[in-house]
Amino acid sequence: MYFAIVFAAGFALGVLRLLVLLPSLGETVTVLLEMPVILAFAWLACGWIITRFGVPNTSGAGLIMGGLAFALLMTAELLLTTLGLERTVSEQLIRYGRGPELLGLVGQLLFAAFPNIQLALMRRSEHQLPVSRVDGAGRPDTAAP
């Protein structure tokens with residue numbers, strides 16, 4: 001689900017990028033403008049999916065969710081580039097060493113890491129002690145709810 005939602009958004013942004021931004025700004029600038037938008041969307045989608053589907057709050061669950069989403073994303077990207085752009089798999093893999101594709105790969109790795117990061121943040125917030133309230137003299141505030 002994580003892959004599907006973010007892939008659909010990325011596909012829509014990719015069309016906008018190719019038709020509107022790329023011709024006037026160039027590949028690298030366009031990727032730099034698009035990446036924060038898609039990563040913010042991925043972060044929000046990841047949190048929604050974790051909550052909506054009750055993903056277990058373990059690092060293993062985060063690694064599986066992110067790893068599977070990354071594998072599906074890379075498979076879809078390779079299929080699109082080989083079928084749509086008529087590149088070979090090796091040509092596409094070589095392109096990941098270039099600036100724009102390398103930036104995109106970094107973004108895809110962040111996308112893969114988001115589930116584990118969000119679950120770790122949730123675990124951390126569960127283990128923090130509640131903050132006690134004090135009155136003006138530094139004594140515990142017994143009137144606080």
Side-chain angles (χ1 to χ4, degrees), residues 1-136 138 141 144-145:
M1 181 64 85
Y2 178 46
F3 154 76
I5 291 171
V6 176
F7 182 77
F11 193 83
L13 273 175
V15 170
L16 174 68
R17 175 174 42 95
L18 288 173
L19 297 177
V20 177
L21 299 175
L22 185 65
S24 60
L25 298 176
E27 230 177 326
T28 303
V29 172
T30 301
V31 170
L32 288 171
L33 290 173
E34 179 189 26
M35 194 165 22
V37 174
I38 194 66
L39 287 175
F41 183 82
W43 182 264
L44 294 172
C46 179
W48 178 79
I49 289 165
I50 287 170
T51 303
R52 170 73 173 88
F53 294 101
V55 175
N57 195 351
T58 65
S59 58
L63 290 172
I64 290 169
M65 181 177 161
L68 180 59
F70 181 75
L72 290 169
L73 180 65
M74 295 309 291
T75 301
E77 184 169 305
L78 286 174
L79 283 172
L80 285 172
T81 56
T82 55
L83 299 175
L85 301 176
E86 298 180 358
R87 291 185 193 138
T88 66
V89 172
S90 61
E91 287 173 336
Q92 182 60 29
L93 293 176
I94 289 169
R95 290 179 68 93
Y96 285 125
R98 288 187 44 224
E101 283 83 2
L102 183 58
L103 288 171
L105 183 59
V106 168
Q108 291 163 336
L109 290 168
L110 285 170
F111 155 81
F114 283 174
N116 210 35
I117 293 169
Q118 286 198 16
L119 289 169
L121 290 172
M122 288 176 189
R123 283 191 304 276
R124 183 175 177 211
S125 69
E126 289 172 358
H127 294 314
Q128 289 182 344
L129 295 175
V131 177
S132 62
R133 297 177 187 226
V134 293
D135 65 11
D141 186 359

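This is a predicted model, so every value here is computed, not measured.
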Beyond-backbone contact of Leu13 with Phe41, side-chain heavy atoms, under 4.5 angstrom
no
Student check: side-chain heavy atoms of Arg123 and Leu119 closer than 4.5 Å:
yes
Aromatic contact, Tyr2 with Phe111 (centres under 6.0 Å):
yes
When rounded to the nearest 0.5 Å, the distance separating CD1 of Ile38 from CG of Leu33 is 14.0 Å
Spatial distance of atom OG (Ser125) from atom CG (Asn57) [nearest 0.5 Å]
8.0 Å
From CG (Leu63) to CG (Leu68), nearest 0.5 Å
12.0 Å
Side chains of Val55 and Pro115, heavy atoms from C-beta outward: is any pair under 4.5 Å?
no
Measure the spacing between CG of Leu16 and CD of Glu34 and express it to the nearest 0.5 Å.
8.0 Å
Under 3.5 Å donor-acceptor pairs involving side-chain atoms of residues 19-32, not counting sequence neighbours:
from: Ser24; atom 1: OG; to: Leu21; atom 2: O; distance (Å): 3.4
from: Glu27; atom 1: OE1; to: Arg98; atom 2: NH2; distance (Å): 3.3
from: Thr30; atom 1: OG1; to: Gly26; atom 2: O; distance (Å): 2.5

Heavy-atom check, side chain of Ile49 versus side chain of Met65, under 4.5 Å
yes
Apply ring pair (Phe, Tyr, Trp, His ring centres under 6.0 Å) to Trp48 and list each qualifying residue two or more places apart in sequence or on a separate chain.
none
Can you list, pair by pair, the side-chain donor-acceptor contacts under 3.5 Å of residues 71-86, counting residues two or more places apart and other chains?
from: Thr75; atom 1: OG1; to: Ala71; atom 2: O; distance (Å): 2.8
from: Glu77; atom 1: OE1; to: Gln108; atom 2: NE2; distance (Å): 2.5
from: Glu77; atom 1: OE2; to: Tyr96; atom 2: OH; distance (Å): 2.3
from: Thr81; atom 1: OG1; to: Glu77; atom 2: O; distance (Å): 3.0
from: Thr81; atom 1: OG1; to: Leu78; atom 2: O; distance (Å): 3.1
from: Thr82; atom 1: OG1; to: Leu78; atom 2: O; distance (Å): 2.8
from: Thr82; atom 1: OG1; to: Leu79; atom 2: O; distance (Å): 3.3

Point-to-point distance, once rounded to the nearest 0.5 Å, from CZ of Arg95 to CZ of Arg87
3.5 Å
